[in-house]
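Heads up: the structure comes next, in structure tokens.
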Amino acid sequence: MKKIVNTVLVLILVVFMALMGFVYYAWVVKKRSRSAAESMIQTNLLIDKVRTVAVLDNNYTNSIRDMLLMGQSRIPAANYALPDSVLRLLQSVSASMPGDTISQKILDNFSILLRKKISYHQRILALAATQPALAKQLITAPENALFRDSVRIAVNNFMQANRRKLIERVDKDNRYTLYSFWTTIIISLFTLVLLLGESRYLYRMFKKLKLRTNQLHKREQSFLRLAEETELILYKSQVDGTFTYVSKGAAEMTGYPNTELVGKHYSMFLEEDTWKRLEAFYINQVKTGDDYTSQEFEIITRSGAKKWVEQMAALVYGEDGRVKEFQCVVRDIDKKKRNEDQVMYLQQRLDAILDFMPSMMFIKDMPGKYLLVNNRFTEIHGVDKKDIIGKTDEELPYDWVQRYAKLDLEVRTTGARVKSEQSITVNDKIYHFLITKFPLRNSDGEMIGICGIGQDFTEKNNYITAIENANNLAQEAISAQEMFLANMSHEIRTPMNGIIGMTNLLMQQSQLSPTQLEYTGAIKTSANRLLVIINEILDFSKIKAGKLLLLHEPFDIYEVIDNALFPLKLQAQQKELSFFDEIDTAIPAYLLGDEIRLNQILTNLVENAIKFTHSGKITVKVSLVKEDKEQSTVQLGFEIKDTGIGIDPDQHEMIFKSFSQTHAGNTRKFGGTGLGLAITKELITLQHGFIRVNSRLNEGATFYFELPFARNNEEVTGKDDKGHLHHAEKPLQGKTILVVEDDDINQQVVFHTLRNAGARTDVVNSGKLALEMLDYKSYDCIIMDIQMPGMDGYQTTQAIRGKGIRTYMIAMTASALKGEKDRCLAAGMNDYVSKPFDRTDLFHKILKGLGEQTPEAITEKKEASEIPFSELDFSAVYSMMSGEKEHVKIMLEELLDSIPQKLSEMNQLLAAKDWQPLYMLAHQMKFNLHMIGMQYASDVALSVERDARLEENLDSIPDRLQEISAIYYQHVHLVKAHIEQP
Ligand code: ADP
């Protein structure tokens with residue numbers, strides 16, 4: 001705009017100057033031509049005057065001649081004054097031509113000539129009166145003619161000279177006019193060109209201006225559009241700061257609706273100080289014409305909250321070229337600003353931290369100049385920050401700089417972090433530092449410096465040494481303690497076994513009085529308890545010493561669970577507690593793991609459940625939590641639930657700690673060491689599982705644990721869909737059988753026989769429990785004892801059938817009464833076996849009942865592993881009991897009671913490869929088997945005893961124990977039958 005104004009001004013100036021030039025020029029030309037005309041008139045006038053002088057002079061001469069010719073003595077009076085007039089006229093001509101030296105000279109000569117001529121004629125005149133002839137002579141004398149010619153020549157000279165002057169003047173005027181003409185032409189052309197140029201420039205400027213105006217218009221349009229669409233506030237204000245337009249975004253940023261703001265002044269958002277500062281700033285912007293500025297300041301929103309914003313203000317000019325308004329964009333930078341403040345605050349804090357941190361620290365740039373050192377650094381080196389910052393090691397006069405040079409170089413050349421331990425002596429005190437140096441890099445990954453941190457571990461070093469010493473001492477103490485416990489447990493167990501064995505023998509002495517029997521009974525109970533405690537302590541000390549090795553061997557999970565639960569179910573039944581178990585049939589049967597430890601865990605938890613439950617029921621559920629087919633692993637969940645005394649939630653954690661019980665009365669009331677759960681948890685954790693408890697006081701307890709197992713893929717051949725093996729040894733694989741039998745020996749016999757044949761077997765000791773059990777789950781087959789206290793076999797069968805349960809039922813009775821079989825069938829049973837039963841016969845009947853073929857292998861097997869003896873040799877027990885039949889029976893019962901437990905204990909010891917206690921148990925087993933008449937098994941036990949003692953042939957011990965167990969369970973019914981014999 002300014003440019004246009006300037007250009008227009010220049011244009012006007014040029015035109016004005018051109019005009020002035022022309023006017024002046026016209027004036028000069030006019031003046032010139034007037035002076036030329038005047039001078040021509042003047043010259044002509046003078047020429048006329050000179051001519052008049054010549055005429056007058058001639059008149060004077062003629063009057064004298066006429067006077068003489070006419071003989072007169074005087075000339076007419078009027079001519080007397082002629083000479084004076086002539087001279088005066090000539091003088092006036094001369095006076096009117098100042099500066100014209102040529103004409104003056106001519107006139108001067110003319111004047112002299114005239115004067116001479118006049119005086120000549122005046123002499124003639126004077127002579128006329130006196131000497132008229134002389135006068136006439138003189139008048140006609142050549143002298144007079146000469147005068148006349150000279151006058152003519154003088155007049156001619158004058159006229160020529162002035163004519164020449166006039167011609168020169170006219171020439172000069174003509175030349176001047178020509179110059180003027182061309183000058184005018186040139187100036188005109190120049191002005192024209194200038195005007196054209198200016199006009200073009202102006203045209204372009206106007207075009208540009210128009211374009212800019214269009215653009216401005218468009219920009220304004222898009223500004224307004226943008227204003228409505230963006231989160232920013234866009235507003236326009238008059239130069240004094242009154243809003244003329246505010247975009248919608250204002251509502252969100254300030255809390256005021258945009259429409260409400262129009263007409264208000266922007267100071268409404270500002271504190272006094274801020275407003276003053278901004279006012280001065282924007283006044284200055286208008287003054288300097290700074291098109292665009294940016295300012296950051298705090299506004300106060302409608303709610304009174306403060307907010308940081310950034311305002312970009314652009315000046316908008318009106319058509320008059322003056323600032324018309326402000327166009328502003330306001331951005332919310334509150335978050336950023338607060339972050340910056342935060343960063344600043346953090347920076348200060350960081351500086352403070354760096355200065356107060358116990359480690360020394362420095363940062364150097366690539367040329368090695370110190371950029372930062374903290375207080376600890378200066379303290380340790382006894383220097384001042386200002387003496388170091390900005391200097392390189394080479395420039396510092398200290399010895400210690402050498403200490404770091406090598407590490408610095410290493411970081412610089414390798415670009416990697418380096419560490420080194422250094423001891424520094426300051427004021428006679430030795431400090432230990434762990435110096436770590438690492439490169440600092442910019443965002444492009446280029447190394448821009450080195451940072452060094454010296455961690456003072458002097459005290460830590462001292463502590464570590466002290467802790468290490470203490471730790472070693474503690475470790476030694478723990479090892480000594482564990483060693484002691486382990487040794488003591490062994491030491492105690494050996495005589496304990498002796499005590500228990502001897503007590504058993506003592507109790508079988510017939511001559512004991514009832515009091516003595518009671519005392520020995522008490523000894524036996526206490527000794528048994530003590531043995532449990534010792535076993536637990538032994539386990540615990542082994543776990544703690546990290547000496548407990550877990551097996552990773554194949555087993556049948558169903559078998560392990562059944563075997564573990566079987567004695568516990570009997571235990572529960574003795575307490576008249578219902579016992580239900582449920583195993584998810586989706587669980588693959590063959591797994592790899594430690595069955596003994598699983599048995600131990602289950603036994604511990606279920607025993608606790610039984611122990612702490614007075615009435616109600618125990619339930620055990622085993623579920624398949626997850627199966628990873630690819631990895632061939634399963635995760636099993638075991639839930640043991642009781643309706644007992646419960647545990648206060650406050651004590652849930654504590655009960656898993658060693659030697660802890662929920663309240664002091666427990667030990668007295670229920671017995672126990674408080675180690676069971678601690679061992680259980682350790683065993684589960686060792687196997688990568690977990691255990692938790694859910695219980696409230698008096699609301700029963702639920703213990704839940706999970707364990708992972710690997711699938712035993714080697715067993716795949718010949719399996720059914722659940723992985724059960726089909727072979728002759730397991731003819732009842734997967735079948736579920738309920739045995740109703742009150743006699744505990746018989747329970748054992750039937751259970752183990754069926755279990756070994758692969759059947760999932762539940763045993764209950766009364767008709768009532770059988771009914772309860774059948775409410776809970778269904779079976780493939782029921783084996784029913786006839787003679788039972790309470791509901792007998794017939795009644796139970798009738799009740800079962802009465803419930804509409806059609807399960808195949810086989811009666812099992814020792815009764816030799818005639819018609820027994822028919823009674824059984826009449827009562828609703830399907831088949832009948834007599835006691836002692838024949839295993840093959842039983843299997844055959846079960847399978848027949850289920851509509852299945854008996855595998856031939858059973859019959860073959862019968863031959864191959866047929867009972868090696870059909871009668872047992874009880875001579876040893878009789879000789880020991882001095883032939884007392886009653887005592888023999890008691891002894892046999894006792895033995896039957898303890899052998900299964902010993903067998904399972906031997907298996908555990910075998911798994912733990914704990915040979916010493918194993919040989920001692922084998923020794924007892926040899927004796928026990930000998931007593932119950934199973935001599936062959938006793939011999940096998942002897943061989944186990946021998947090998948375990950010498951730690952020889954250990955590989956075959958598992959098979960031998962298996963053999964003992966097989967023989968025992970295959971023949972135990974013979975022992976039982978013997979006991980029952982009248
Ligand atoms: P103990 O040998 O005393 O049974 P445990 O470690 O097996 O030792 O159990 C610790 C304590 O936890 C028990 O003394 C008992 O107080 C509590 N406890 C364990 N199981 C149960 C349960 N099923 N119901 C109630 N309390 C239980």
Side-chain angles (χ1 to χ4, degrees), residues 485 489 492-493 496 525-544 548 564-565 567-569 571-581 597-622 637-687 689-706 901 905 908:
L485 274 176
S489 306
I492 296 167
R493 227 150 75 131
M496 273 316 294
T525 315
S526 303
N528 274 335
R529 277 199 194 155
L530 198 55
L531 196 63
V532 171
I533 294 171
I534 291 162
N535 282 340
E536 283 189 346
I537 291 177
L538 184 65
D539 262 351
F540 189 69
S541 54
K542 252 200 223 160
I543 290 170
K544 286 289 151 196
L548 190 104
L565 296 185
L568 297 165
K569 285 176 184 171
Q571 224 173 299
Q573 283 174 22
Q574 271 158 21
K575 265 188 99 176
E576 297 197 352
L577 299 171
S578 312
F579 195 116
F580 302 109
D581 67 318
R597 294 302 168 189
L598 175 59
N599 184 314
Q600 188 177 353
I601 293 164
L602 276 173
T603 308
N604 257 341
L605 293 172
V606 179
E607 266 182 352
N608 272 351
I610 297 169
K611 184 157 80 175
F612 295 107
T613 305
H614 304 301
S615 62
K617 63 177 178 191
I618 316 287
T619 10
V620 175
K621 275 189 194 160
V622 187
F638 300 80
E639 185 192 86
I640 296 97
K641 194 171 178 180
D642 65 50
T643 53
I645 61 169
I647 308 160
D648 193 318
D650 284 351
Q651 295 177 314
H652 286 184
E653 229 176 274
M654 184 267 275
I655 53 169
F656 291 106
K657 303 221 164 97
S658 48
F659 305 107
S660 50
Q661 296 177 318
T662 49
H663 55 86
N666 269 3
T667 323
R668 220 177 327 114
K669 207 162 156 195
F670 301 103
T673 56
L675 270 180
L677 286 179
I679 293 170
T680 301
K681 186 170 179 181
E682 292 285 354
L683 288 175
I684 292 171
T685 316
L686 275 176
Q687 295 177 70
F690 68 86
I691 179 164
R692 63 171 177 249
V693 59
N694 183 13
S695 176
R696 283 167 188 279
L697 215 52
N698 303 323
E699 289 181 19
T702 305
F703 283 82
Y704 176 81
F705 69 93
E706 276 184 21
Q901 200 187 332
E905 210 175 319
Q908 287 183 26

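All ligand and atom numbering here is 1-based and tracks the order in the structure. One-based numbering along the sequence shown.
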Please check if the side chain of [X] supplies one atom and the backbone of [Y] the other of a donor-acceptor pair under 3.5 Å.
X      : Y      : answer
Asp642 : Ile618 : no
Ser695 : Gly700 : yes
Thr643 : Lys617 : yes

Closer than 4.0 angstrom: is that true for some heavy atom of [X] and an atom of ligand 1?
X      : answer
Lys611 : yes
Gly644 : no
Phe656 : no

- Message: Residue-level breakdown please: for Thr680 versus ligand 1, do any non-hydrogen atoms fall below 4.0 Å on the side chain, on the backbone, on both, or on neither?
- Response: neither

- Task: Flag Ala701 as yes when one of its N or O atoms lies below 3.5 Å from any N or O atom of ligand 1, and as no otherwise.
- Result: no

- Message: Is it the case that ligand 1 has an N or O less than 3.5 angstrom from some N or O of Leu677?
- Response: yes

- Between Leu605 and Ile691, does a side chain to side chain contact (heavy atoms under 4.5 Å, CB included) hold up when you go through it step by step? CA-CA 11 Å; Leu605 293 172; Ile691 179 164; 4.1 Å; yes

- Task: Return the orientation label for the Tyr704 and Phe690 ring planes: parallel under 30°, perpendicular over 60°, tilted otherwise.
- Result: tilted

